[in-house]
Amino acid sequence: MTSGQRSIIHVDMDAFYASVEQRDRPELRGLPVVVAGLGPRGVVSTCSYEARRFGIRSAMPTAQARRLCPDAVYLWPDIARYEEVSDQVFAVFHEATPLVEGLSLDEAFLDVTASQRLLGSVEAIGRRVKEAIRERTQLNASVGMGPNKLLAKLASEMSKPDGFHRITAEGAAAELAPLPVGRLWTVGKVTEQALHRLGIRTVGELAASDTARLASALGRQVEALQALARGEDDRCVEPEQAEQSIGAEHTFDVDVADLALAEGWLLRHCERISARARQRGLEGRTITVKLREPPFITHTRQAQLRAPSASASELYELARGLLNGWWRLQRRPRLRLLGVSLSGFAVEKQADLFDVGQERRAADEVQDRINSRFGSGSLIRAGVLKTQRQD
């Protein structure tokens with residue numbers, strides 16, 4: 001490693017949600033699997049590589065995916081289960097370095113510059129991370145390595161699926177030159193089309209183009225774009241910050257006009273976010289309820305708990321009051337989306353033997369243990385049952 005040069009690893013799990021489903025249900029292996037919202041407003045979250053052969057992609061409307069591959073297996077996302085697997089994956093990252101920047105449940109940057117003194121070369125660390133993920137989760141990850149975030153991410157993308165590739169500073173120009181300009185970070189559709197109008201279609205052509213000519217079409221961003229085209233990127237890996245909020249929401253396939261059903265969904269959300277808060281040792285004071293009525297009008301209602309809490313019952317009691325208050329003021333209440341979030345966190349305190357909320361927290365802990373042992377959703381409150389008919 002050259003003095004002063006960083007060593008960055010980018011890890012991206014392969015078709016994460018679909019791969020978890022195929023791992024847990026062996027009968028789905030080798031089949032096109034699409035994880036998506038299954039109603040008329042649904043979109044694809046992710047799909048297996050078998051499904052991608054039919055042209056299905058993330059963010060595609062589910063209805064379009066069904067037209068492309070009607071015989072695929074279509075499944076609702078099980079976010080709670082994916083979060084559990086994600087926690088295992090991120091535990092591997094933190095064993096390699098404290099400098100971990102999570103981008104999503106299944107993707108992160110790792111700065112392993114200092115770790116090499118203890119763990120070996122960047123390739124050795126990348127291999128270690130990849131093998132540990134496979135051993136603990138039975139899932140494949142694509143690992144890219146480079147002297148900066150741009151090159152590390154491109155390395156993982158270029159080697160998918162189940163990839164392992166390093167782009168060095170010395171070899172960056174040759175590897176980047178044939179790539180489409182749209183592969184560069186910050187180059188969106190508008191910029192890509194502007195470059196195409198100038199006859200520039202590859203990264204190599206962008207790097208070699210006259211700066212003054214480009215500036216007339218693209219303005220002040222030209223120098224930054226050409227630096228990226230040369231493989232230069234000075235962004236640092238930003239370690240994970242403390243969570244500001246934990247939330248859950250659901251978009252309904254059919255607008256909800258039944259208050260009892262809306263309350264059931266609210267309870268379901270409160271169970272999910274309270275479990276996630278307890279897993280992280282957090283208690284929050286602020287409850288925010290998000291209400292979207294058709295066609296696309298969004299309202300929020302917020303209130304404070306008397307004391308920080310991660311109890312599903314306490315969260316739901318306050319959230320339910322906010323929902324009911326909004327509902328009573330509407331002439332014809334209907335919901336397209338309902339969500340709830342917890343914020344204003346404090347570190348979870350030691351239990352008080354005389355705390356009247358201790359019984360509620362004990363019930364939550366029992367629920368956590370059962371769901372941890374037998375799978376997410378094995379034990380739920382009765383009020384949530386009515387929402388399962390909507391799944």
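Aromatic ring orientation, Phe252 versus His250: perpendicular (interplanar angle above 60°, classes split at 30° and 60°). The aromatic rings of Phe90 and Phe93 sit perpendicular, their planes meeting at an angle over 60°, well past the 30° parallel limit.
The existence of a salt bridge linking Arg183 and Glu157 is confirmed by a sub-4.0 Å separation between a basic side-chain nitrogen and an acidic carboxylate oxygen. Remark: Glu314 does not engage Arg306 in a salt bridge, criterion side-chain N to carboxylate O under 4.0 Å. No salt bridge links Glu249 with Arg292; every basic N to acidic carboxylate O contact stays at or beyond 4.0 Å. Between Asp78 and Arg81 there is a salt bridge, since at least one side-chain N of the basic residue sits less than 4.0 Å from a carboxylate O of the acidic one. Look at Asp255 and Arg332 and you find no salt bridge, because none of the NZ, NE, NH1 or NH2 atoms lies under 4.0 Å from a carboxylate O. A salt bridge links Glu263 with Arg320: the distance from a Lys NZ or Arg NE/NH1/NH2 to an Asp or Glu carboxylate oxygen falls below 4.0 Å.
Using a distance-only test at 3.5 Å, with no hydrogens or angles considered, a donor-acceptor pair links the side chain of Ser274 to the main chain of Glu271.
Follow the hydrophobic side-chain contacts under 4.5 Å out from Leu259 and you reach Leu267 in the same cluster.
A cation-pi arrangement is absent between Arg52 and Phe54, since the terminal nitrogen or guanidinium carbon is not both under 6.0 Å from the aromatic centre and inside a 45° cone about the axis.
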Verify side-chain contact (heavy atoms from CB on, under 4.5 Å) between Ser7 and Gln116, making sure each step is shown before the conclusion. CA-CA 9 Å; Ser7 293; Gln116 293 176 91; 2.9 Å; yes
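With a 4.5 Å cut-off on side-chain heavy atoms, Leu151 and Leu176 count as touching. Proximity of Phe164 to Met145: side-chain heavy atoms (C-beta onward) are separated by under 4.5 Å at one or more points. For the pair Asp14 and Asp162, the minimum side-chain heavy-atom distance is below 4.5 Å.
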Would you list the atom pairs, donor with acceptor, under 3.5 Å between side chains in residues 190-204 and any protein atom, with sequence neighbours excluded?
residue, atom, partner, partner atom, Å
His196, ND1, Arg201, NH1, 3.3
Thr202, OG1, Glu205, N, 3.1

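Just one residue in the list Val92, Val20, Val89 forms a side chain to side chain contact (heavy atoms under 4.5 Å, CB included) with Thr137, and that residue is Val89.
Side chains of Arg134 and Asn140: a donor-acceptor N/O pair is present below 3.5 angstrom, by distance only.
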